[in-house]
S.K.: 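The following block contains the structure, expressed as structure tokens.
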Amino acid sequence: MLDGIMIGLNTAIMPFNLMMVFAGCFVGTFIGMLPGLGPVSAVALMIPITYGLDPSSGIILMAGVYYGAIFGGSTSSILINAPGCSSTVVTAFDGYPLACQGQAGKALALAAWCSFTGGTVGAIILLFAAPALATVSMSFQSSDYFALMVLGLTAVAAFAGKGQVLKSLIMAVLGLMLATVGTDVTSGTTRFTFGSSDLIDGVSFLLLAMATFALTEVIMTVLRGEHVKPQAEIDMSKLGSMRLSREEVKEVAPTVARSSVFGFLIGVLPGAGATIASFMAYGMERNLASVKEKLKFGKGSLRGLAAPETANNAASTGSFVPLLTLGIPGSGTTAIMLGALIAYGIQPGPRLFIDNPDVFWSVIISMYFGNLVLLVLNLPLIPYISRLLVIPNPILIPLILFFSVTGVYLVSFNTFDIHMMVVVTVISIVLKLLAFPMAPMLLGYILGELLENNLSRALMISDGSLSFLWERPLSAGIMVVAILALLSPLVTTLRNRRAAKEPQVAGAEESAA
Amino acid sequence: MTLRRDHVGGLLFLLLSVLYGWFIQDIALLPGDDLEPFHARTLPTALAWIGGVLSVLLIVTAGPVSVRPENDGRWYIGLTAGLLLLVVVFGLVLKWLGFLVATILFLAGGFWLLGERRPRMIAAVAIPFSVILWLLLTQALGVYLAPGKLVTAVLGG
């Protein structure tokens with residue numbers, strides 16, 4: 001493992017890669033601050049750039065952007081009560097009241113420190129957990145992989161929130177269907193191409209990700225009329241002190257410790273990302289608080305701000321565990337990173353840290369750097385970065401549109417792709433208006449080929465019988481978890497019907513979805 | 001019974017699953033494939049069935065949400081269509097006028113559509129941005145951007 005850390009350090013410390021961490025965090029913070037654009041969109045916008053880099057640098061850049069975007073989301077949550085992404089919705093609960101009380105500086109500093117701690121603790125656990133898990137997963141067979149992927153797809157649905165379970169599953173199936181378009185790898189026959197040569201290679205992953213996340217998000221803000229809403233004025237003179245007193249540090253320390261570990265564990269679960277971790281950590285902290293402290297939640301409680309901020313960063317780190325060790329992305333963002341890795345010809349999974357130790361370890365090491373950069377560089381720069389938010393929407397929106405379109409064009413140099421993007425965008429706008437979530441579709445699309453290969457191998461070995469699903473204890477165990485994950489929303493719905501739930505909590509859960 | 005949001009979604013996916021299932025028969029099989037436990041049609045067939053069942057479930061369990069999506073303002077359908085059309089036009093123009101001119105036109109069109117009507121302001125952002133990006137791509141990064149067909153026709157290739 002020490003060798004690995006050294007390889008990782010050597011790769012991560014290369015000036016170019018350090019620059020990528022800086023650039024990633026910086027760009028990520030900016031994109032994350034823009035309302036409506038979250039980590040998924042930010043990482044999607046980076047794909048075309050990473051195609052020109054070598055794998056480690058590319059993934060380091062993406063990881064930096066991921067962190068930065070979450071951090072940027074917190075900033076706009078605190079300053080203007082407009083969360084840039086879903087994982088920082090909770091941050092606004094207590095962060096914005098703090099800003100209203102003239103303590104924006106303190107809230108920002110606390111958010112930055114919490115993100116840093118959460119991320120660092122997460123990275124340390126990742127350092128030990130990932131290689132261990134990777135070793136275990138060496139013994140995985142195709143039936144286990146198949147079961148794991150089924151678990152990944154059902155878990156997304158299980159965590160999707162009220163009334164979204166079926167829709168998430170449908171979107172995952174749609175993603176799998178899209179993945180079957182093109183040439184079948186095992187037999188070489190074309191499927192669903194309708195004779196078009198543009199479809200023989202299948203639907204481009206980059207195109208799908210950019211169209212559904214970058215382009216659609218921007219177009220949706222226009223469709224909803226958010227571009228004409230008055231842009232928030234941020235009064236930087238009212239930031240207040242950025243210092244935390246010793247008592248305040250003492251107050252939040254246990255919260256930060258709890259939320260780091262908790263957030264990481266939630267992040268490891270496939271399908272549950274930073275959003276769920278932040279909501280659950282907030283809920284847990286409120287339950288643990290004394291009656292007197294409970295009243296402060298939602299009115300500017302430091303603990304209420306610390307818990308979700310710590311948890312969402314720890315969870316983002318945690319979501320790298322299944323990606324790096326099993327090759328199964330746990331969230332929309334890591335799904336995009338998986339797609340980028342596959343485009344490099346790198347197969348993430350148990351063999352990653354044997355075949356490409358530099359990629360594996362440098363990602364982990366650069367996570368520390370990323371967290372450091374956020375704290376040292378971004379925090380003092382926040383007043384300046386938020387100035388960029390003042391770019392008027394009529395200028396900003398066409399620029400983002402342009403970047404998402406040319407991002408695809410500059411990789412394929414095929415104008416067919418630009419028109420295809422418009423088609424995909426129109427479809428996803430309709431789906432979004434019908435309240436279908438997009439992330440499961442991308443997850444299904446990316447897992448599609450792997451799932452088919454493993455299913456095919458498992459079925460060949462068992463001579464066509466589905467018994468492989470329960471004959472190996474490991475596969476059977478994973479399948480049981482998958483089925484439980486699928487049934488859990490059903491159970492909660494039934495339980496909720498019986499006992500009238502606290503309306504506030506239900507409301508919070510809905511906004512998370 | 002009124003049409004609910006999930007009815008529309010469910011019906012759409014039911015239709016999709018049926019169409020998807022229908023086109024499975026176009027997938028050519030290798031000789032002897034029908035004796036194999038797994039071939040090119042296996043997964044699509046399973047997906048078509050799962051998709052169909054899930055859509056029916058969605059229709060049956062549709063929540064009481066009306067098909068009209070909520071929004072706390074008016075919908076900007078015309079503007080949205082305009083922007084999407086602009087992207088389509090960009091794709092067409094790109095082939096004929098080349099990257100630089102197409103980018104300037106796209107950005108200017110976008111600014112104008114979104115309400116920035118001062119010609120000087122439009123030009124002051126669109127032209128330098130496009131020129132710098134074009135220089136960066138072609139000169140610094142060495143990306144080959146094909147000149148537009150019209151440009152080569154007039155100036156000669």
Side-chain angles (χ1 to χ4, degrees), chain A residues 52 163 166-167 169-170 173-174 176-177 180 184 186-192 194 215 219 222-229 392-395 397-399 401-402 405-406 409-410 413 415-419 421-422 425-426 429-431 433-436 451-452 455-456 459-460 462-465, chain B residues 5-6 8-9 12-13 16-17 20 23 26-30 33 36-40 42-44 47-48 50-51 54-55 57-58 61 63 65 69 71 73-77 79-80 83-84 86-88 90-92 94-95 103 106-107 109-111 113-116 125 129 137 141 143 146:
Chain A
L166 267 177
K167 287 185 192 154
L169 285 175
I170 289 179
V173 171
L174 174 65
L176 289 170
M177 285 177 172
T180 59
D184 175 30
T186 33
S187 69
T189 55
T190 55
R191 302 190 286 192
F192 307 106
F194 306 104
L215 203 54
I219 293 281
V222 173
L223 182 61
R224 287 189 183 284
E226 277 160 33
H227 63 290
V228 286
K229 285 184 187 154
N393 275 332
I395 303 290
I397 291 175
L399 284 178
L401 274 182
F402 173 77
V405 174
T406 39
Y409 174 74
L410 287 178
F413 294 102
T415 46
F416 168 81
D417 281 2
I418 297 180
H419 298 137
M421 265 183 101
V422 176
T425 308
V426 171
I429 287 174
V430 172
L431 290 176
L433 289 177
L434 292 169
F436 281 95
L451 185 122
E452 186 167 18
L455 176 66
S456 133
L459 272 175
M460 291 286 183
S462 71
D463 204 18
S465 147
Chain B
R5 186 178 68 192
D6 289 356
V8 179
L12 268 179
F13 274 102
L16 178 78
S17 304
Y20 182 86
F23 283 108
D26 287 358
I27 301 172
L29 288 182
L30 301 173
D33 251 0
E36 293 287 333
F38 191 96
H39 48 72
T42 312
L43 188 71
L47 287 176
I50 298 173
L54 287 174
S55 327
L57 275 176
L58 185 65
T61 60
V65 183
N71 190 27
R74 74 179 187 92
W75 295 93
Y76 286 76
I77 299 170
L79 181 58
T80 306
L83 283 175
L84 287 173
L86 187 69
V87 178
V88 174
F90 176 65
L92 295 173
L94 199 55
K95 221 183 233 171
T103 306
F106 175 82
L107 288 177
F111 298 155
L113 276 176
L114 282 158
E116 178 58 70
V125 180
F129 176 86
L137 284 171
L141 296 173
V143 178

S.K.: What are the two closest heavy atoms between A:M460 and B:F38, and how far apart are they?
M.R.: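 Minimum heavy-atom contact is CE-O, 3.6 Å.
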S.K.: What part of A:L431 gets closer than 4.5 Å to chain B, counting heavy atoms only: side chain, backbone, both or neither?
M.R.: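 Only the side chain of A:L431 comes within 4.5 Å of chain B.
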S.K.: List in chain and number order the residues that pass ring-ring contact (aromatic ring centres under 6.0 Å, His included) with B:F129, two or more places apart in sequence or in another chain; answer none if no residue qualifies.
M.R.: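 For B:F129, the residues satisfying ring-ring contact (aromatic ring centres under 6.0 Å, His included) (neighbours in sequence not counted) are A:F402, A:F403.
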S.K.: Is it the backbone or the side chain of A:S462 that comes under 4.5 Å from a heavy atom of chain B, or both, or neither?
M.R.: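 Contact with chain B: none, neither part.
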S.K.: List the atom of B:A40, the atom of A:D184, and the distance in Å for their closest heavy-atom pair.
M.R.: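 For B:A40 versus A:D184, the nearest heavy atoms are CB-OD2, 3.4 Å.
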S.K.: In terms of heavy-atom pairs under 4.5 Å, which option from B:L54, B:L16, B:L30 contacts chain A the most?
M.R.: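 Counting heavy-atom pairs under 4.5 Å, the top option is B:L54.
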S.K.: With heavy-atom distances below 4.5 Å as the criterion, would you say the side chains of B:L12 and A:F436 are in contact?
M.R.: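 Sidechains of A:F436 and B:L12: no contact.
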S.K.: Out of curiosity, A:I170 CD1 to B:D6 CG, how far, rounded to the nearest 0.5 Å?
M.R.: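 One gets 8.5 Å once the value is rounded to the nearest 0.5 Å.
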S.K.: For B:W75 and A:L433: C-alpha separation, side-chain torsions, deciding distance, then whether side-chain contact (heavy atoms from CB on, under 4.5 Å) applies.
M.R.: CA-CA 12 Å; B:W75 295 93; A:L433 289 177; 3.8 Å; yes
S.K.: Please flag which part of A:F416 lies under 4.5 Å from any non-hydrogen atom of chain B: side chain, backbone, both or neither.
M.R.: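 Answer is neither: A:F416 stays 4.5 Å or more from chain B.
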S.K.: Would you sort out whether A:T415 and B:F90 count as a side-chain contact (heavy atoms from CB on, under 4.5 Å), showing the intermediate values?
M.R.: CA-CA 9 Å; A:T415 46; B:F90 176 65; over 6 Å; no
S.K.: When rounded to the nearest 0.5 angstrom, what is the spacing between OG1 in A:T189 and NE2 in B:H39?
M.R.: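 Answer for the OG1-NE2 pair, A:T189 versus B:H39, is 10.5 Å.
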S.K.: Identify the heavy atoms of B:L114 and A:P398 that sit nearest to each other, and give their distance.
M.R.: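 Closest approach of B:L114 to A:P398: CD1-CD, 3.3 Å.
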S.K.: Between A:S456 and chain B, with a heavy-atom cut-off of 4.5 Å, which part of the residue counts as in contact: side chain, backbone, both or neither?
M.R.: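 A:S456 touches chain B through backbone and side-chain heavy atoms alike.
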S.K.: Could you tell me which of B:D26, B:I77, B:T103 has the largest number of non-hydrogen atom pairs under 4.5 Å with chain A?
M.R.: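 Heavy-atom pair counts peak at B:T103.
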S.K.: Where does B:T61 contact chain A at under 4.5 Å (heavy atoms): side chain, backbone, both or neither?
M.R.: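 For B:T61, the contact with chain A is made by the side chain alone.
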S.K.: Please report the closest heavy-atom contact between A:L455 and B:L43, naming both atoms and the distance.
M.R.: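 That would be CD2-CD1, 4.0 Å.
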S.K.: Which pair of heavy atoms, one from A:I395 and one from B:F111, lies closest together, and at what distance?
M.R.: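 Minimum heavy-atom contact is O-CE2, 3.3 Å.
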S.K.: Side chain, backbone, both or neither: which part of A:V222 has an atom under 4.5 Å from a heavy atom of chain B?
M.R.: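 Both parts, backbone and side chain.
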S.K.: Please identify, among B:L86, B:I50, B:V125, B:L79, the residue contributing the most non-hydrogen atom pairs under 4.5 Å to chain A.
M.R.: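 Option with the top pair count is B:L79.
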S.K.: Let's test your reading of the structure: which of A:L399, A:L215, A:T406, A:T425 forms the most heavy-atom pairs below 4.5 Å with chain B?
M.R.: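 Of the candidates given, the most pairs with chain B belong to A:L399.
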S.K.: Chain A: which of B:L92, B:D33, B:L113 shares the most heavy-atom pairs with it under 4.5 Å?
M.R.: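 Maximum pair count with chain A is reached by B:L92.
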S.K.: Nearest 0.5 Å please: distance from the OH atom of B:Y20 over to the CG atom of A:L174.
M.R.: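 One gets 9.5 Å once the value is rounded to the nearest 0.5 Å.
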S.K.: My understanding is that only residues two or more places apart in sequence, or in another chain, count here; which of them pass salt bridge (Lys or Arg N to Asp or Glu O under 4.0 Å) with A:D417?
M.R.: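 With neighbours one apart ignored, the set is empty.
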S.K.: CG/B:L84 to CD1/A:I219 distance, rounded to the nearest 0.5 angstrom?
M.R.: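 CD1 of A:I219 is found 4.0 Å from CG of B:L84.
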S.K.: How close do A:K167 and B:L58 get, counting heavy atoms only, and between which atoms?
M.R.: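 Heavy-atom minimum between the residues: CG-CD1, 4.0 Å.
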S.K.: Among the options A:I429, A:L169, A:L166, A:V173, pick out the one with the most heavy-atom pairs lying under 4.5 Å from chain B.
M.R.: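 Among A:I429, A:L169, A:L166, A:V173, the one with the most close pairs to chain B is A:L166.
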S.K.: Is there a side-chain contact between A:P392 and B:E116 in this structure, where contact means two heavy atoms from C-beta onward sitting under 4.5 Å apart?
M.R.: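 The answer is no; the side chains never approach within 4.5 Å.
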